[in-house]
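Residues: numbered from 1 along the sequence shown.
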Amino acid sequence: MLRSLIRGRTLLQHSRRGIPQAWLVAAPHRWASSLPMNTVVLFVPQQEAWVVERMGRFHRILDPGLNFLIPVVDRIRYVQSLKEIVIDIPEQSAVSLDNVTLQIDGVLYLRIMDPYKASYGVEDPEYAVTQLAQTTMRSELGKLSLDSVFREREVLNMNMVTQINQAADTWGIRCLRYEIKDIHVPPKVKEAMQMQVEAERKKRATVLESEGAREAEINIAEGKKRSRILASEATKAEKINQAAGEANAVIVQAKAKAESIQMLSEVLGQQYGSQAASLTVAEQYVSAFNNLAKQTNTLLLPSNTADVTSMVSQAMGIYNALNKPEAMKEKLTMDAAYTEKSPLVSGNQTFRSET
């Protein structure tokens with residue numbers, strides 16, 4: 001028995017030669033703690049597993065509660081806690097895909113699922129998992145660029161858990177989750193990142209300002225377009241209304257003229273109608289003669305301008321000819337045979353013209 005104890009202590013010292021002293025202080029070994037003595041009757045606490053060896057060979061794992069052991073023959077070799085264990089992963093250096101050196105630390109959450117494998121599968125379970133987490137973190141960071149490390153932090157944590165579980169399955173340990181606490185970048189890289197962030201913000205501000213100016217110009221152009229459309233529609237409606245009014249005025253004037261002609265024809269058919277028509281023609285002739293000099297300097301006058309009676313007679317002759325088409329044709333034939341001469345007066349000179 002003494003020989004086996006000395007041999008176990010020698011192996012323990014030999015296994016700790018390559019372990020840094022910081023690891024030994026930060027993560028105390030649970031399996032090296034004081035073990036309960038075999039008092040025949042033992043009470044195992046909840047969420048603990050006591051590994052019992054009989055004559056140096058694995059015998060069984062005691063369940064929580066009351067248990068009985070044989071003195072001297074049975075020995076409690078390992079005490080494993082089945083609670084969730086939190087291990088602080090110290091800060092370490094890692095190189096990203098774009099050759100940037102990062103200082104990163106994290107927290108590892110694990111639980112012992114098989115006390116037998118955790119006791120006999122690895123010498124120091126916590127130290128093994130810690131070293132595995134560090135090497136896996138270096139490997140995963142080497143696959144990502146600096147921007148991806150900050151952007152895909154959750155994916156990096158999931159990959160860490162998957163890689164650790166694949167290797168720690170033979171140790172009876174299961175990694176529940178891994179969380180990165182902090183990531184430190186070199187000062188120069190940090191300044192470059194800050195400049196990049198400022199440039200990105202300036203870019204966004206410029207883009208937003210240009211988009212605002214574009215929207216303002218579009219709104220102004222849209223307003224001008226709508227105003228022109230409304231103005232053209234108003235002009236169109238105005239012209240339509242004006243044309244409708246002019247058409248209605250022409251129709252009203254035509255109706256009034258038609259009614260006046262109808263009334264005039266009725267009056268001319270009565271007694272003394274011809275005398276009334278002659279009086280009307282004479283009055284219009286005098287009125288037109290008074291306005292001749294007011295409109296233009298060039299006048300075309302008949303030879304007998306002072307003879308109102310002859311002009312009235314000519315007007316009445318035209319009227320009678322219109323009422324008698326055969327007499328009108330005969331008169332036109334006679335006028336074509338015998339042409340008359342009339343003087344042309346322009347200013348102070350008189351020109352003779354044949355018509």
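- In this structure, a donor-acceptor pair under 3.5 Å is present between the side chains of Gln80 and Ser119.
- The existence of a salt bridge linking Asp169 and Lys117 is excluded, since no basic side-chain nitrogen approaches an acidic carboxylate oxygen closer than 4.0 Å.
- Side-chain heavy atoms closer than 4.5 Å link hydrophobic residues (I, L, V, M, F, W, Y) into clusters, and following such links, even through other members, never connects Leu82 to Met113.
- Under the 3.5 Å distance criterion, the side-chain polar atoms of Ser227 are matched with a main-chain donor or acceptor of Lys224.
- Taken from CG in Asn248 to NZ in Lys255, the straight-line distance is 9.0 Å, to the nearest 0.5 Å.
- Classification of Glu140 and Lys143 as a salt-bridged pair holds, one side-chain N sitting under 4.0 Å from a carboxylate O.
- The pair Glu84-Arg177 counts as a salt bridge, with a side-chain nitrogen and a carboxylate oxygen less than 4.0 angstrom apart.
- Between Leu42 and Leu62, some side-chain heavy-atom pair lies under the 4.5 Å cut-off.
- Under a 4.0 Å N-O distance rule, the pair Arg204/Glu200 qualifies as a salt bridge.
- Between the side chain of Asp105 and the backbone N or O of Asp182 there is at least one donor-acceptor pair closer than 3.5 Å.
- Judged by distance alone, the side chain of Asn99 and the main-chain N or O of Val95 form no donor-acceptor pair under 3.5 Å.
- Residues satisfying the salt bridge (charged side-chain N to carboxylate O under 4.0 Å, His left out) criterion with Arg60, sequence neighbours excluded, are absent altogether.
- A distance of 7.5 Å separates CD1 of Ile112 from CD of Glu126, quoted to the nearest 0.5 Å.
- When the side chains of ILVMFWY residues are joined at heavy-atom separations under 4.5 Å, either directly or via intervening members, Phe150 and Met160 end up in a single hydrophobic cluster.
- Donor-acceptor pairing under 3.5 Å is lacking for the side chains of Asp147 and Ser145.
- The distance from the CD atom of Glu91 to the CD atom of Gln134 is 11.0 Å, given to the nearest 0.5 Å.
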Exercise. For ring-ring contact (aromatic ring centres under 6.0 Å, His included), just list the numbers for Tyr109 and Tyr178, CA-CA rounded to whole Å, side-chain angles, deciding distance to a tenth of an Å, and then say yes or no.
Key: CA-CA 6 Å; Tyr109 299 85; Tyr178 180 88; 9.0 Å; no
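- Using a distance-only test at 3.5 Å, with no hydrogens or angles considered, no donor-acceptor pair links the side chain of Ser148 to the main chain of Leu144.
- A salt bridge is absent between Lys202 and Glu198: the closest approach of a Lys/Arg side-chain nitrogen to an acidic carboxylate oxygen does not fall below 4.0 angstrom.
- Side-chain atoms of Asp88 never come within 3.5 Å of backbone atoms of Val86 as a donor-acceptor pair (strictly under, hydrogens ignored).
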